[in-house]
Amino acid sequence: MARLTRRFFDRPALRVAPELLGCRLIHQRGARGDWLEARIVEVEAYAGEGEDPASHAHRGPTPRCASMFGPPGRFYIYRCMGLHFCVNLVCGAKGQGGAVLLRAACAVRGLPTMARRRGGRSGRELANGPGKLAQAFGITARHDGCDAIAGALRVEAARERPARILVSGRVGIRHATERPWRFFVADDPSVSRTSLNRLARQP
DNA sequence: CCATAGATCGGCT
DNA sequence: GCCGATCTATGGC
């Protein structure tokens, strides 16, 4: 077990985000159930209330983003475009509203279950996007607000730090509010494919 | 390879 | 009403 600490998440999302690369997203379903595990390869930071126009927390708490304002180290899960779910980790002190979006991961354990949930896809296609990652893990709104440190669904510390990390703008954010807050593992096939990848730089 | 339509929900212009 | 922290299927080059 390589548990993360509450303190790890009790920092600005921008600081936590790059350190989540290489960490493991794990979904342990009962003593005899499946063990799903994936190495996180792409994340985005979103700041709290009043700091970041692209963040759901920008204008303060709403019913949807209430868990962003809860204690750090828990999940903020929301439905995107009416269809998919996106998985975030709450960062910073309680009441601030910061979070890191998990955008992509490389599946390392429980591949058959993920493949079934992903309609028979395999390899990098299992979790190379925010909605795909949530689908592969079976994550829905019922995980919103759940503990991400010791729960059945959780994040564990990295065994090895990624060799090279790159930064780019966040995907799908309007130019006026754009910030270089997307972090991903260089040359990793499980990173989502976007034109921003070519423009990425060293942190 | 690239562009686009459609699914469908919460929050705000 | 409209737009968005998305993905897939489809059609064109």
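Below, chain A is the first sequence line, B the second, and so on; all start at residue 1.
- Counting only residues at least two apart or on different chains, the side-chain hydrogen bond (donor to acceptor under 3.5 Å, both in side chains) pairs with a member in residues 97-108 of chain A are A:E42-A:R103, A:R103-A:S192.
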Report, as a single string ordered 5' to 3', how protein heavy atoms within less than 4.0 Å touch nucleotides 5-13 of chain C: B base, S sugar-phosphate only, - not at all.
BBSSS----

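- Under the rule for a side chain to side chain donor-acceptor pair (under 3.5 Å), A:D10 has no partner lying at least two apart in sequence or in another chain.
- A gap of 23 Å separates the C1' atoms of C:dT8 and B:dG10, to the nearest Å.
- Taking atom P in both B:dA5 and C:dC2, one finds a spacing of 16 Å when rounded to whole Å.
- Below 30°, between 30° and 60°, or above 60°: for A:H27 and A:F137 the angle between ring planes is below 30°, a parallel geometry.
- Applying the side chain to side chain contact (heavy atoms under 4.5 Å, CB included) criterion to A:R117, with sequence neighbours excluded, gives A:R29, A:L36, A:T113.
- Backbone-only contact: A:R79 has heavy atoms under 4.0 Å from sugar-phosphate atoms and none from a base.
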Strand DNA chain B in bracket notation, Watson-Crick/G-U under 3.5 Å with | for pairs to another chain
|||||||.||||.

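- Applying the ring pair (Phe, Tyr, Trp, His ring centres under 6.0 Å) criterion to A:H58, with sequence neighbours excluded, gives no partner residue.
- A:L196 belongs to a hydrophobic cluster whose remaining members, ordered by chain and number, are A:V171; membership requires side-chain heavy atoms of ILVMFWY residues under 4.5 Å apart, directly or through intermediates.
- Scored by the side chain to side chain contact (heavy atoms under 4.5 Å, CB included) test, A:D147 finds A:R6, A:I149, A:A150 as partners (sequence neighbours excluded).
- Partners of A:R198 under the side chain to side chain donor-acceptor pair (under 3.5 Å) rule, at least two apart in sequence or in another chain, do not exist in this structure.
- Bounding nucleotides for the chain A contact on DNA chain B, 5' to 3', at a heavy-atom distance below 4.0 Å, are B:dC1 to B:dT13.
- In this entry the distance linking CZ of A:R59 with C1' of C:dG4 reads 14 Å, nearest Å.
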Would you tabulate the side-chain donor-acceptor contacts of residues 16-24 of chain A under 3.5 Å, counting partners in other chains and residues two or more places apart, or write 'none'?
unit_1: A:E19; atom_1: OE1; unit_2: A:R11; atom_2: NH2; d: 3.1
unit_1: A:E19; atom_1: OE2; unit_2: A:R11; atom_2: NH1; d: 3.2
unit_1: A:R24; atom_1: NH1; unit_2: A:E37; atom_2: OE2; d: 3.0

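- For the ring pair (Phe, Tyr, Trp, His ring centres under 6.0 Å) test, no residue two or more places apart in sequence or in another chain qualifies with A:F69.
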